[in-house]
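Only one structure is covered here, and it is reproduced in the block below.
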Amino acid sequence: MKDLAGKHIVLGLTGGIACYKSAELCRLLIKAGATVQVVMTAAAEQFITLVTMQALSQRPVATSQWDAREANNMAHINLSREADACMIAPCSADFVAKLAQGRADELLSLMCLARPADSVPLLIAPAMNREMWSHPATQRNLAQVAADGAVVLGVGTGEQACGETGDGRMLEPQELLDELIAFFQPKVLAGQHVLVTAGPTYEAIDPVRGITNLSSGKMGFAIARAAREAGATVTLVVGPVSLPTPRGVQRVDVRSASNMLAAVTEKAPVASIFIATAAVADWRPAQASEQKIKKDSTSATPELSFVENPDILVALAQSPRGQSGELFCVGFAAESHDLLANAQAKRLRKGVPLLVGNIGPATFGQDDNALLLVDELGARELSRDSKLALARKLIADIAVRIRARG
Ligand code: CTP
């Protein structure tokens, strides 16, 4: 099922060079299953044509409060009553000021003011020059707009069309789409701090070689994203993978199991939920060579000896906060066979209330998976689905357990 299936979005464009990104945003919204009604101000029309936005949204663009084609001649009412959300992207400094003052002298601001604020949320994606962004008037207006109930999505940092560098760029279309999808997810983990480990670890043999595994990190990243969508503060401690960080998630990159334990130990005191998805190496070479091990005719074939790595999940589950339940610990098990029996045994061995089993070779690197949730009462299967869909179901399940714990 597409993330925005059944949702009707009013996409408002105001004057700004970032209008070129709104064309891509419109496409992404439609690909995600939404229907999109574009509304443009006269200033927006200076930056992108109605033709482009009509073609992408497959609907005529609304531009005027005096449009005689509306049977009741009340475009501002009709547009907002149908919407599940209004997103203004780009939202210019001038338009922020209009929202703050409740002005209504053209269709888009009129529609924002006339919308039923309780049922039609307003999300704004500001876009402007860095000086305009940091001006006290703009910041004051943004604070007012947020206090009036709008969701202010923040801005990107970097090179601006004017040649200056700083804050004020509009977020990228994919980021705006992710923000909108997240907005519609139930906030079942509001107030929780979720710590997630993901990816493989890398255990050095020498400066250029090491031992790692095939974990892609995708399941852990999906869980971090789903937890953030559910309203949690999320820290993701991740071994060497090159996946993009989910929006709003704090990422800590590590290499070895020991690095991962150190990072997790530092973050754990503020966490209320720990989800260990990382495929941590069980052993590491006893002695990593400081110099590259060379192959020459006189040297013998090198032999490696190993020492056991710390078990990060056990360390946290056995900590006082883990034991008292203040830190709810969830383990993962990547098995190759006998999933239920192995997962049950592993849950007891790790000392965690919930263990999530999956078949490792069938999931590593894939975009979908199937999960088996094992707790003291038995097992429940989450059937094959995308990793993000499964992550959302797992987060919903964890939220129920957290609520039941009180
Ligand atoms: N784990 C961990 N630290 C380790 C090893 C594992 O935190 N040093 C966590 C994993 O992130 C996962 C769970 O423990 O949540 C199970 O990991 P797994 O490697 O499947 O289990 P093992 O204890 O290594 O058992 P086995 O290799 O025998 O299957």
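Note that ligands are numbered from 1 as they come in the structure, with each ligand's atoms numbered from 1 the same way.
Remark: ligand 1 atoms within the under-4.0 Å shell around heavy atoms of Ala276 are 11 (O), 12 (C), 15 (O). Residue contact check: Ala334 has heavy atoms under 4.0 Å from atoms 20 (O) of ligand 1. Atoms of ligand 1 lying under 4.0 Å from at least one heavy atom of Pro310, given by number and element, are 3 (N), 4 (C), 8 (N).
Distances between N or O atoms of Asp282 and those of ligand 1 include at least one value under 3.5 Å. Ligand 1 has no N or O atom lying under 3.5 Å from any N or O atom of Ala281, backbone or side chain. Checked by distance only, ligand 1 and Val330 stay at 3.5 Å or farther apart across all their nitrogen or oxygen atoms. Ligand 1 has no nitrogen or oxygen under 3.5 angstrom from a nitrogen or oxygen of Thr277. Residue Lys350 places at least one N or O, backbone or side chain, under 3.5 Å from an N or O of ligand 1. For Ala278, a nitrogen or oxygen atom sits less than 3.5 Å from a nitrogen or oxygen atom of ligand 1, counting backbone and side chain alike. Below 3.5 Å of separation, one finds no N or O of Ala333 facing any N or O of ligand 1. Residue contacts with ligand 1: Gly331 is placed with no nitrogen or oxygen under 3.5 Å of a nitrogen or oxygen of the ligand (distance criterion only).
Partner of Arg247 under the salt bridge (charged side-chain N to carboxylate O under 4.0 Å, His left out) criterion, out of Glu175, Glu172, Glu229: Glu175 alone.
Contacts of Ala257 with ligand 1, taken as heavy-atom pairs under 4.0 Å, are absent altogether. Counting heavy atoms closer than 4.0 Å to ligand 1, residue Asp311 contributes atoms from both its backbone and its side chain. Within the 4.0 Å heavy-atom criterion, neither part of Ala279 lies near ligand 1.
Here the heavy atom of the protein found nearest to atom 7 (O) of ligand 1 is Leu313 N, 2.9 Å. Summary of contacts: the protein heavy atom closest to atom 20 (O) of ligand 1 is Lys346 NZ, 2.8 Å. At the shortest separation from atom 28 (O) of ligand 1 among protein heavy atoms lies Arg349 NH2, 4.1 Å. In this structure, the protein non-hydrogen atom closest to atom 3 (N) of ligand 1 is Ile312 N, 3.0 Å. At the shortest separation from atom 12 (C) of ligand 1 among protein heavy atoms lies Phe332 O, 2.9 Å.
A donor-acceptor pair is defined here as one N or O able to donate and one able to accept, closer than 3.5 Å; no such pair exists between the side chain of Ser272 and the backbone of Leu327.
The residues Lys292 and Asp206 are annotated as not salt-bridged, no charged nitrogen and carboxylate oxygen being separated by less than 4.0 angstrom. Ion pairing of Glu326 with Arg321 is present here, as a side-chain N (NZ or NE/NH1/NH2) and a carboxylate O approach within less than 4.0 Å. Between Glu335 and Lys346 there is a salt bridge, since a side-chain N of the basic residue sits under 4.0 Å from a carboxylate O of the acidic one. Salt bridge annotation for Glu106-Lys98: present, with a cationic side-chain nitrogen under 4.0 angstrom from a carboxylate oxygen. Salt-bridge formation is detected for the pair Lys393/Asp385: a Lys NZ or Arg NE/NH1/NH2 atom is positioned less than 4.0 Å from an Asp or Glu carboxylate oxygen. A salt bridge links Lys218 with Asp367; the closest basic N to acidic carboxylate O contact falls under 4.0 Å. Electrostatic pairing of Arg349 and Asp311 does not count as a salt bridge here, judged by no charged N lying under 4.0 Å from a carboxylate O. Salt bridge Arg225/Glu179: absent, no basic N to carboxylate O contact under 4.0 Å.
In this structure, Lys31 places its NZ atom where only 12 or fewer heavy-atom neighbours from other residues, nucleotides or ligands lie under 6.0 Å away. For Arg401, the CZ atom is densely surrounded, since the number of other residues' heavy atoms within 6.0 Å is greater than 12.
Residue Met260 places every heavy atom at 4.0 Å or more from ligand 1.
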